[in-house]
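Only heavy atoms go into these numbers, but all of them, side chains included; no hydrogens, no water, no symmetry mates.
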Amino acid sequence: MKKIILLLFLSLPLFALSVVEEREWAKNEFFLSFLEHNSLPLSLYWDLDPQDRELASEIKEGEKYQILWDNENNTIEQILIPINGSDLQIHIYKDLENKYTLNFTPVAYELEERVLSINIENSAYQDVERISGSTPLARAMRNAFRGSVDFKSMQKGDRVSILYERKERLGQRFGDINVKMAVVEINKKPKKVFFFDDTYFDEKGKELESFLLTTPVKFTRISSRFTRARYHPVLKKYRAHLGVDYAAPTGTPVRSAGSGVITFVGTKGGYGKTVQVTHGQGYSTLYAHLSRFARVKKGQKVSQGQTIAYVGSTGLSTGPHLHFGLYLNNKAINPLSVVKITKSELKGDKKKEFENIMKDYENKLQSFLNSNNIIPPKEVPAFEPYVEL
């Protein structure tokens, strides 16, 4: 078995040589069972407050995480586990008293803007995937247009240009690709889309949603709003809440916010009884703390407004409510910025803000094109699970 020798994770002495092992989060693995499987104290989980325990349920199947081993004693020194949809990670380490401690820390990564601009040879999706070496980029490009472009109608010689942002962590791409602007030229006629306020708009500031999400439950109030990783000045630690909590009586019907396919029905760590639905175009939704499920199962198609479950207080919950999560390309986004009854058109100050961002993106894209820096380095695995020095 190959291994990689690295100096430090976050707080080891500079002279300490340890062994870093990279793993992938197992299917159906809960954080509590992960601790048990690795002979770590279960109190690391139970000592967390309910919100942090709920956040630990966001670890995605297949997510790569690192374990730092004391090679001499064959014991775990530190663990870093990224939280899906946020810029936080779980950090487990031994303190000065040699006791395991857990906290949430920001993920250290480098942010890079790139441009890919190519003439089509076969198809837009296949050519972007082949030339960039990145399936996530091809998927993000397709999703950005929200069905407003018939990619099958594109012919050889048509052009695609993408301004996008990628993160790199430990020599590898981290998380999903964020397309900031994309241009498709079909028969010399360009169609542009721009990312703004957690969704995509055309040049006129009209939203490109080809399906509409509705509020999934009749609620009495919003008890907790969406927040990404932020430092809490009173608690002196990083917090995140990757969804919106709708307070409602136990047994209130929970409806699918959009048409789609159910991808999960069951218990999910601190979320308790949970349903997940994928809607296409990169969107998926999560419904948690349910009291019971409707007659639904994994793989079943559901329509918008169809009852899929009922409000409850299962998992780590202090009272009956629905935790509603929304994800775009596996990244948690604010449901309240997307859930609406009609397609939106930007106006007033929002329109001015969008126009400024649109101009900035267009200038950046043109700068890349002028410099002929239009084919980025191909994505290749740069951090194998084990590499021997």
Side-chain angles (χ1 to χ4, degrees), residues 1-26 29-110 167-172 174-175 228-242 269-270 316 383-387 389:
M1 180 178 289
K2 297 181 179 179
K3 294 182 179 178
I4 180 169
I5 307 297
L6 292 180
L7 278 173
L8 120 7
F9 240 36
L10 290 179
S11 57
L12 286 182
L14 292 178
F15 56 80
L17 286 174
S18 299
V19 177
V20 176
E21 175 188 3
E22 185 173 77
R23 295 180 182 175
E24 290 187 358
W25 195 257
E29 179 81 278
F30 295 140
F31 185 64
L32 192 60
S33 61
F34 168 82
L35 295 175
E36 186 175 11
H37 295 159
N38 288 278
S39 300
L40 294 168
L42 302 186
S43 59
L44 291 176
Y45 178 78
W46 293 116
D47 288 346
L48 296 173
D49 63 37
Q51 185 170 317
D52 286 340
R53 279 185 254 167
E54 185 177 87
L55 188 61
S57 299
E58 289 280 355
I59 305 171
K60 181 179 66 175
E61 175 189 336
E63 185 73 73
K64 293 182 179 179
Y65 64 95
Q66 288 74 38
I67 299 180
L68 186 72
W69 291 91
D70 179 337
N71 208 24
E72 183 176 351
N73 299 316
N74 195 33
T75 57
I76 292 175
E77 289 291 326
Q78 298 191 52
I79 303 177
L80 293 177
I81 310 171
I83 300 293
N84 178 44
S86 77
D87 287 338
L88 289 180
Q89 60 189 347
I90 293 174
H91 181 209
I92 300 173
Y93 61 95
K94 286 185 177 180
D95 60 19
L96 295 178
E97 297 178 355
N98 211 36
K99 295 181 179 179
Y100 285 110
T101 301
L102 183 153
N103 59 28
F104 293 86
T105 63
V107 175
Y109 59 79
E110 295 180 357
K167 301 172 184 176
E168 188 166 293
R169 175 178 179 265
L170 298 176
Q172 266 189 330
F174 170 70
R228 290 196 174 91
R230 68 181 181 90
Y231 188 75
H232 197 293
V234 177
L235 298 177
K236 305 296 183 183
K237 63 180 181 178
Y238 285 90
R239 302 302 302 266
H241 185 245
L242 303 182
L316 298 164
F383 185 91
E384 297 178 1
Y386 304 95
V387 179
L389 296 181

Review point. Name the one of Ile79, Thr105, Ile81 that satisfies side chain to side chain contact (heavy atoms under 4.5 Å, CB included) with Gln89?
Key: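 So, applying the side chain to side chain contact (heavy atoms under 4.5 Å, CB included) to Gln89 and each of Ile79, Thr105, Ile81, only Thr105 qualifies.
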
Excluding sequence neighbours, so at least two apart, what forms side chain to side chain donor-acceptor pair (under 3.5 Å) with Thr75?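 Scan of Thr75 (side chain to side chain donor-acceptor pair (under 3.5 Å), adjacent residues dropped) gives none.
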
Pairing residues for Tyr109 by the side chain to side chain donor-acceptor pair (under 3.5 Å) criterion, not counting sequence neighbours: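 Here the qualifying residues are Asp87.
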
Rounded to the nearest 0.5 Å, what's the gap from [atom1] on [X] to [atom2] on [Y]? Could you check?
| X | Y | atom1 | atom2 | answer |
| --- | --- | --- | --- | --- |
| Tyr238 | Leu88 | OH | CG | 8.5 Å |
| Thr101 | Asp95 | OG1 | CG | 4.0 Å |
| Phe31 | Ile90 | CZ | CD1 | 4.0 Å |
| Gln78 | Gln66 | CD | CD | 11.5 Å |

Where is the tightest heavy-atom contact between [X] and [Y], given as atom of each residue plus distance?
| X | Y | value |
| --- | --- | --- |
| Phe104 | Leu55 | CE2-CD2, 3.7 Å |
| His91 | Leu80 | CD2-CD2, 3.5 Å |
| Ile59 | Ile83 | CG1-CD1, 4.0 Å |

Could you tell me if the ring centre of Phe34 sits under 6.0 Å from that of Tyr45?
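Ring centres of Tyr45 and Phe34 not closer than 6.0 Å.
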
- Under 3.5 Å donor-acceptor, Tyr100 side chain and Ile76 backbone: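 Judged by distance alone, yes, a pair lies under 3.5 Å.
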
| task | Could you tell me which residues satisfy salt bridge (Lys or Arg N to Asp or Glu O under 4.0 Å) with Asp70, sequence neighbours excluded, listed by chain and number? | result |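 Listed in chain order: nothing, the list is empty.
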
*asked:* Quick one about Gln51 and His241 (side-chain donor to acceptor, distance below 3.5 Å, no hydrogens or angles considered), yes or no?
replied: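 On atom types as modelled, these side chains do not qualify, holding no pair under 3.5 Å.
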
Between Glu21 and Trp69: side-chain donor-acceptor atoms closer than 3.5 Å: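 Indeed, the side chains of Glu21 and Trp69 share at least one donor-acceptor pair under 3.5 Å.
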
Worksheet entry | side chain to side chain contact (heavy atoms under 4.5 Å, CB included) evaluation trace for Tyr65 with Glu22 | CA-CA 6 Å; Tyr65 64 95; Glu22 185 173 77; over 6 Å; no

